[in-house]
Amino acid sequence: MISERFWSKEHFPVVYENNTAKAVMVDIISFEKIEIILDNLMNRESETEDSILAASGMLKNLITQARNSRPSENWKAELNEL
């Protein structure tokens, strides 16, 4: 399987307004990839683990814990490791 770092501003032309990034432009092939991903996310079946987590009350605990935690200084690297 070929892995591609697709979700990166460097991959798309960025539109600036007053030196602030406002939008990105995508080619039709990239748009179709994004459309498929979003469609899959919107129409995916719920997973048993999701229901168990929500019903157990653990989800609220995880949210509270995340809100009370300090953000990681290098969250991008940690996310890429996952």
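What you see is a predicted model; the values in this text were computed from it and never measured.
Counted by atom type alone, S30 and D27 present one or more donor-acceptor pairs between their side chains at under 3.5 Å.
Atom CG of N40 sits about 10.5 Å away from atom CZ of R44, to the nearest 0.5 Å. Here the straight-line distance linking atom CD1 of I52 with atom CD of E49 works out to 6.5 Å at 0.5 Å rounding. Remark: W75 CH2 to N80 CG distance equals 9.0 Å, nearest 0.5 Å. Here the CG atom belonging to N74 is positioned 10.5 Å from the CG atom belonging to L79, to the nearest 0.5 angstrom. The distance from the CG atom of L62 to the CZ atom of R67 is 12.0 Å, given to the nearest 0.5 Å.
In the hydrophobic clustering of ILVMFWY residues, with side-chain heavy atoms under 4.5 Å counting as a link, I36 and F31 come out apart. Under the 4.5 Å side-chain heavy-atom criterion for grouping Ile, Leu, Val, Met, Phe, Trp and Tyr, I28 is connected to V26 within one hydrophobic cluster. Note on I29 and L38: same hydrophobic cluster, where clusters join Ile, Leu, Val, Met, Phe, Trp and Tyr whose side-chain heavy atoms are under 4.5 Å apart, directly or indirectly.
Between M58 and N61 the shortest side-chain heavy-atom distance falls below 4.5 Å. Side-chain contact check for D50 versus L59: every heavy-atom pair is 4.5 Å or farther apart.
Under a cut-off of 6.0 angstrom, the local environment of CD in E73 is sparse, with at most 12 non-hydrogen atoms contributed by other residues, nucleotides or ligands.
Here the side chain of D39 pairs no donor or acceptor atom with the backbone of E35 at under 3.5 angstrom.
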Anything under 3.5 Å between a donor and an acceptor, one on a side chain of residues 13-21, the other on a protein residue two or more places apart or in another chain? List them.
{"from": "T20", "atom 1": "OG1", "to": "N18", "atom 2": "O", "distance (Å)": "3.4"}

